[in-house]
Amino acid sequence: MLIEDQHSVEFRAEIRAFLDVAPSEEILEAGRKTTSVFAPFKETMAWHKILFRQGWVAPTWPLEYGGTGWTVEQRYIFAEECNRRGVPPLLPQNLQMVGPAVLGFGTQEQKEEFLPGMLSGEDFWCQGYSEPGAGSDLAALKCRADSDGDDYILNGSKTWTTYGHHANKMFALVRTSSAGKPQAGITFLLLDMNFPGIEVRPIVGLDGCPEQCEVFFSDVRVPKRNRIGEENKGWNVAKYVLEFERGGSSFGAWLVPALEKLRARSSLALDDSGRSVADDVHIQRRLTELEIDVRAVEHTEKRVNANLKHGENPGPMASLLKIISSEVMQKFSELQLDIVGLDALPLQTAALAVGSDIAGFGEESDMLVMPYYLNTRAASIYAGSNEVQRSLLAKAILAS
Amino acid sequence: MLIEDQHSVEFRAEIRAFLDVAPSEEILEAGRKTTSVFAPFKETMAWHKILFRQGWVAPTWPLEYGGTGWTVEQRYIFAEECNRRGVPPLLPQNLQMVGPAVLGFGTQEQKEEFLPGMLSGEDFWCQGYSEPGAGSDLAALKCRADSDGDDYILNGSKTWTTYGHHANKMFALVRTSSAGKPQAGITFLLLDMNFPGIEVRPIVGLDGCPEQCEVFFSDVRVPKRNRIGEENKGWNVAKYVLEFERGGSSFGAWLVPALEKLRARSSLALDDSGRSVADDVHIQRRLTELEIDVRAVEHTEKRVNANLKHGENPGPMASLLKIISSEVMQKFSELQLDIVGLDALPLQTAALAVGSDIAGFGEESDMLVMPYYLNTRAASIYAGSNEVQRSLLAKAILAS
Amino acid sequence: MQYQYNEEQSQFKDMLRKFVQDKYGYDCHLALCKSEQGYSEEHWQQFAELGLLGLPFSENVGGLGVDSGFLMAIAEEFGRGLVLEPYIATVVLAGGLLAKADNSDLSNVLLPKLVAGDLKLCLAWEERASRGNPLDVNATATRSHIGDNLLINGEKCVVLGASSADKLIVTAVAEDGGLNAYLIDCDAVGLHVQAQTLADGQRAGQIRFCNVEISADAALFSDGKAAATLQETLHEALLVMAADGLGAMDQLLALSLDYCKTRQQFGVPIATFQTLQHRLSDMMIACEKTRSLLWAAFQVQGSSEFGERVAMLKAQIGSAGRYVGQQAVQLHGGIGMTEELSVGAYFKRLTVLDLLCGNRDYQLNYLAQRQTQLTVDAA
Amino acid sequence: MQYQYNEEQSQFKDMLRKFVQDKYGYDCHLALCKSEQGYSEEHWQQFAELGLLGLPFSENVGGLGVDSGFLMAIAEEFGRGLVLEPYIATVVLAGGLLAKADNSDLSNVLLPKLVAGDLKLCLAWEERASRGNPLDVNATATRSHIGDNLLINGEKCVVLGASSADKLIVTAVAEDGGLNAYLIDCDAVGLHVQAQTLADGQRAGQIRFCNVEISADAALFSDGKAAATLQETLHEALLVMAADGLGAMDQLLALSLDYCKTRQQFGVPIATFQTLQHRLSDMMIACEKTRSLLWAAFQVQGSSEFGERVAMLKAQIGSAGRYVGQQAVQLHGGIGMTEELSVGAYFKRLTVLDLLCGNRDYQLNYLAQRQTQLTVDAA
């Protein structure tokens, strides 16, 4: 931001002007009451629809399919301004997970059928990848799709399906063959959640809220035209999706203002004498150390983005970014917990619901601290555990 | 020390009275100028001989072979007082490495031949275990002893032989068979360093001093009566030695006074204004954190010692103690470096020699800080690297 | 030097472990977490029958007068079993202070009831601004217009057991500037308790005192030793709470070892991955260091070194508990992030413990200040 | 925003890498470490011929006037090659300050000589008590009895390049209480240089000034901006020193990767052990975070944010360099603890770098104070 060119300054102003007026009070409340990477469902989808109407919902998509045509820097500016305004982050399933799969491997008919609903937010797609026995080891998945004429018959179950109880659509990896390497017999399918034989069971998380789901399939009939890519080649589709978003990350855009807010929180008076937690030099020191880590994430992200433009592939840097951003997020959540202290101890699930009329103890922002700390433990587990990422990273540097 | 019984108080007084007068100035200088776990050779062996004359050189040995008959607590008190007085720690090779092997597996003749010299310090024994290709993986050793009548013919080399250039004797593990499991063909031999065909090459360490050696053997003839235990059963001897000392460790007896000294150092005035490093609350914090770690080592050691008496086997606690003591030692060396700061930067090898008349920069104790920091990196490498210890520990707790 | 439970304590501990295993499944824990009251009155009466409520008190009030080793043994098993009853709040904190009070009229009446299971107490000492320091008190006790009566004003936060207590003890600054503690009925006029459910299911309360009028003989101390006694009581409570935390840590390690041996990934049990093996070793190291510091503190109870060793212990359990809790969740993966397994419940118990009664930061500052004091004293 | 060397800088860097590879084996490094002088005069002259000594200076003193990216490129390659010549001491520290001095009579005479390789300088600023803070100075410059002459008194420690310098610049407090810097011949009366060999082989000196008499026109500054200029020069030097450290870290990672691929233990290359794989990943992460902060600082050179970002960078290189150095030694095992491999030499270079010019502690305090200042300013 230091030496921002005129074009960027104008772009930022345009974004800011829109954000000043576009989100409703409920949407901003949902933004504030976000206690994990997944913001409250209803209001976030409302925001999704507003951004869709503005044409800004899918900055990473190709222009002809509803993208914005922004540069990587502009996308970063957009993310920075969204975070500063405090709107909820969009749910990634439609735009960053299933969308790219259809964009990259769908037929023209599939694109026409599925993309509009993803983009507009009419549909919400949930992910059916993990299974009880296949978490970090996706190739071990067992959920079976047997060919039967024009359909597949689906049996088995999926788990860690975020917001499965809110979704009307699902994209899933299923086993269509057990021949060859484990990855070889996997197929990428699109499902309607109202297909007969699907049952959804929410899982209660550490903060007492259901965010993930188990999804059970008994003889669910899925038309073969809902298959993305070739049969038994679903692994390629999933890999493509993972790579799609690489180099466009803007985690620093969230971290930098979050750290500012934490500094402000630490300066609040503890009592009439005006003392604050920020008077504690050890807290200051931890804030300083955290800021260095935050800046390291921010500038690593920007460096990867900048160098991508020059035609480089992020390669192992994608794993590196996953590791350092999840770890700094966890470190942030710990320091936040220590700064807020006793006020963070009561778990106030009811008061945290958007639109709740239940008064909680202390400041609203303090109520978020414990759920956020608990939920953030997942950051080093999901999307390829940090152990898996470190192994990938090692493999890459040992091979070079 | 809090509620020490009368017997212990008297014992401590007796030790202290002796230590007040027994060590020479040179011995105390060597104690001060100890920059690794191995104190300066000449003065340390002089101290060994004084303790021998006093009858206190081998507290862990059986009474009939020259031990003291002290309890574990008394041994701890002795260690505490030696550390407080600042005498150099004895070299462990004679008393804790080769001695127990002869005690446990030697014939009566061997005991009579070898034990007196170990005990008195007339002999200094060096260790020939590691080889360039066999460090943490001792079973891979290749140094070969071929049978030839009443002798073995030794060929190959050893490395990391501490003070090999000062030793007149060596105990070694050598390969006498390559049949069966790698551990199975290893034999424990005693050598004279003046046997024809032995060559010693000192290795210069990070502090510029030779402490370790390589030892090369070309057709070295070793009488078979120098074999300890059975042929091909040397692995058992080595394992026995490792277990011998278990439960008798007194690392805390060194750490506690060392930390006191470091606190005192941090309180030294930096300039005329009387400011000191200890005014820095972050340094205070690190000293406090280090003290907790030091106390954890001290009390874990005492807990293991106390419970051993009740007939328990330390089992995985031996690995645990190795890990936590080496890591706290390294943490200590880092904090010491940060407290002394710039004054630690010049490496003053010549001024550090015992009896040197070369004046160094700054306080004598400051000169030790950098070599100590550098040498202490070895603590997590030698005696079974900390990686190996963590694997052993995991194996033990996963089996239980 | 005692470094493990002696025979009598061990037997008692084994008995308790069996009791907890029988009465307290994880299902029971979850159900109590979600219940109105947050604990089981039936269990409480069983505690009374087993003599648990009288352990530390003298025989003349119906107690057993045994040493803290027994309290540590209880706490370890309660931590291992995720027990939610307000034992530490009533017996160790409030009961502990009451037993040391000058006001024997009060203690002689109340303690027998407590021991019998007929009375629950809580100790309201912590304030938002105190950040763990029991001597940093803003609440006041001032003379009222009526006789020798006193008016209590102030606010106390996260008072353990507040929602179940019949009476509470509050710390406040008297008009002479000295600290004192006062006994108050929980239904007194002007006293507002807002019940809280902490992240680990424990119940507590935010308590506001608005001109709560009490009689002068509700004061626990008469000779200005309230501060030292309060500090001592908290140190004893921290010893017991640390044992609770250690029980939870031990259990988390045991659960993690089991899970790693059975859970398969990439075709093998995850216990075969070296990184996870070393992680398990580090968790075990964290447990053992904590255990050593627990016994180190126990040994010197009653001496001048006790406060220092307790502070070390609490700082250690703060960081070690955090580490073991976080890693246990990580090793369990997604399932560790849910209510389905008990892992998360232990993790939350350790998280709460870390922040209660002076977090790691407070303890480290306390230790540094003591050290500075030692240096000044020596000079 | 520039996040990597541009084409011109890259070409220059490649050329330097080749130059260092050709001239500087590890044997050469060891030999220079043990030599009397501690560096090679022949190399120094080659630096002059390659134009390295004039890079940052304006063309009117014979320099090339290029940006700091080129200095970073040099330093990275010097770090990677364990180069011992006092480049940073002479060109970046002393030369950098001189080039910004008010006293152009001095700079116009001296800088051309420096660029030509005929003059070596050093900057004596650090004192024992300053603990990294260049503005915390005890040395004084007081009026002498003779004319406008000044007397310098004080002590400076670990002055890089002191033993090779022809002249030195010393910082001292003038009689008006302001900081200034003065040029002094190294053979001046009353000036005592004790040569030091630092742990990494670099040469430095402890310098005592006892009534060293200099003429008033030896002062570098006339208008009180010495403090700001000194701070700025040190920030620029830290940017360059961090690049040196990063070169050393990159090389340590490369050496460790190679070693793990070839070294066999338990019958397999040690690179197959998951713990070591993850360690290597963490070393790589440490390098990359440092690289990102290096460029983040480079981008804002000349702006008000520069000092802050440099402090972050120095703190980062302190901890990351320590981590990478320690782990590289650990991965190499016993052989990493000896002079036989270069690993230990890199480890020592990073250890020294960490403590020079404000260690991690100093930088973190500096950052916290800036933050407090921001808060005060905002209020």
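Quantities reported herein were computed from a predicted structural model and do not represent experimental measurements. Proteins get letters first, then strands, A, B, ... in listed order; numbering begins at 1 in each.
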Can you tell me if CZ on A:R285 sees more than 12 non-hydrogen neighbours from other groups inside 6.0 Å? yes
Do A:L345 and C:L355 pass the side-chain contact (heavy atoms from CB on, under 4.5 Å) test, and can you show the C-alpha distance, the side-chain angles, and the key distance before you say yes or no? CA-CA 8 Å; A:L345 286 181; C:L355 296 184; 3.8 Å; yes
Below 4.0 angstrom, N of the basic side chain to O of the carboxylate: do A:D343 and C:R128 qualify? yes
From the list A:L206, A:L270, A:D338, the residue making the most non-hydrogen contacts under 4.5 Å with chain C is A:L206
Which residues in residues 129-136 of chain C have any heavy atom closer than 4.5 Å to a heavy atom of chain A? C:A129, C:R131, C:D136
Is it the backbone or the side chain of A:P132 that comes under 4.5 Å from a heavy atom of chain C, or both, or neither? backbone
Show, in sequence, the C-alpha distance, side-chain angles and deciding distance for A:M370 and C:K348, and conclude whether the side-chain contact (heavy atoms from CB on, under 4.5 Å) test is met. CA-CA 10 Å; A:M370 181 62 79; C:K348 290 193 277 189; over 6 Å; no
Could you go step by step and tell me if A:I381 and C:M337 meet the side-chain contact (heavy atoms from CB on, under 4.5 Å) rule? CA-CA 9 Å; A:I381 296 171; C:M337 292 293 301; 4.0 Å; yes
Max heavy-atom pairs within cutoff under 4.5 Å with chain C, candidates A:N375, A:D271, A:I283, A:T349, goes to A:D271
Side chain, backbone, both or neither: which part of C:A195 has an atom under 4.5 Å from a heavy atom of chain A? backbone
A quick test of your reading: do over 12 heavy atoms of other residues, nucleotides or ligands sit less than 6.0 Å from CD of C:Q37? yes
Against chain C, label A:V340 side chain, backbone, both or neither, depending on which of its atoms sit under 4.5 Å from a heavy atom there. backbone
To the nearest 0.5 Å, tell me how far C:N359 CG sits from A:L342 CG. 8.5 Å
Run the salt-bridge test on C:R360 and A:E334 with the 4.0 Å N-O cut-off and return the result as yes or no. no
Check whether A:A140 gets within reach of chain C through its side chain, its backbone, both or neither, counting any heavy atom under 4.5 Å. neither
Can you say whether A:R275 sits under 4.5 Å from chain C via the side chain, the backbone, both, or neither, judging by heavy atoms? side chain
Residue A:Y382 versus chain C: region with a heavy atom under 4.5 Å: neither
Roughly how far, to the nearest 0.5 Å, is CZ of A:R390 from OG1 of C:T275? 9.0 Å
Let me know if A:R286 has heavy atoms under 4.5 Å from chain C in its side chain, its backbone, both or neither. side chain
Sort out for me which of C:Q206, C:E126, C:K34 touches chain A most, counting heavy-atom pairs under 4.5 Å. C:E126
Options A:V277, A:D207, A:N386, ranked by heavy-atom pairs under 4.5 Å with chain C, top entry: A:V277
Residues which pass salt bridge (charged side-chain N to carboxylate O under 4.0 Å, His left out) with A:E364, listed by chain and number, not counting sequence neighbours: A:R32
Please report the shortest heavy-atom distance between C:R263 and A:G133, naming the atom on each side. NH1-CA, 3.9 Å
Could you tell me whether the side chain of A:I203 reaches within less than 4.5 Å of the side chain of C:I335, counting heavy atoms only? no
For C:K261, look at atom NZ and say whether over 12 heavy atoms of other residues, nucleotides or ligands are found less than 6.0 Å away. yes
With a 4.5 Å cut-off on side-chain heavy atoms, are A:D280 and C:N365 touching? yes
Apply side-chain contact (heavy atoms from CB on, under 4.5 Å) to the pair C:T338 and A:W160, showing each step before the final yes or no. CA-CA 10 Å; C:T338 73; A:W160 314 130; 3.6 Å; yes
Please look at C:V352 and chain A and tell me whether the side chain, the backbone, both or neither of the residue comes under 4.5 angstrom of a heavy atom of that chain. both
So, taking the atom named CZ in A:R377 and the one named CZ in C:F347, what distance separates them when rounded to the nearest 0.5 Å? 5.5 Å
Value for CD (C:Q202) from CG (A:L347), rounded to nearest 0.5 Å, stands at 13.0 Å
Do any of residues 320-333 of chain C have a heavy atom less than 4.5 Å from a heavy atom of chain A, and if so, which, in residue order? C:R322, C:Q326, C:V329, C:Q330, C:G333
Which residue pairs pass the salt bridge (Lys or Arg N to Asp or Glu O under 4.0 Å) test with at least one member in residues 196-211 of chain C, sequence neighbours excluded? none
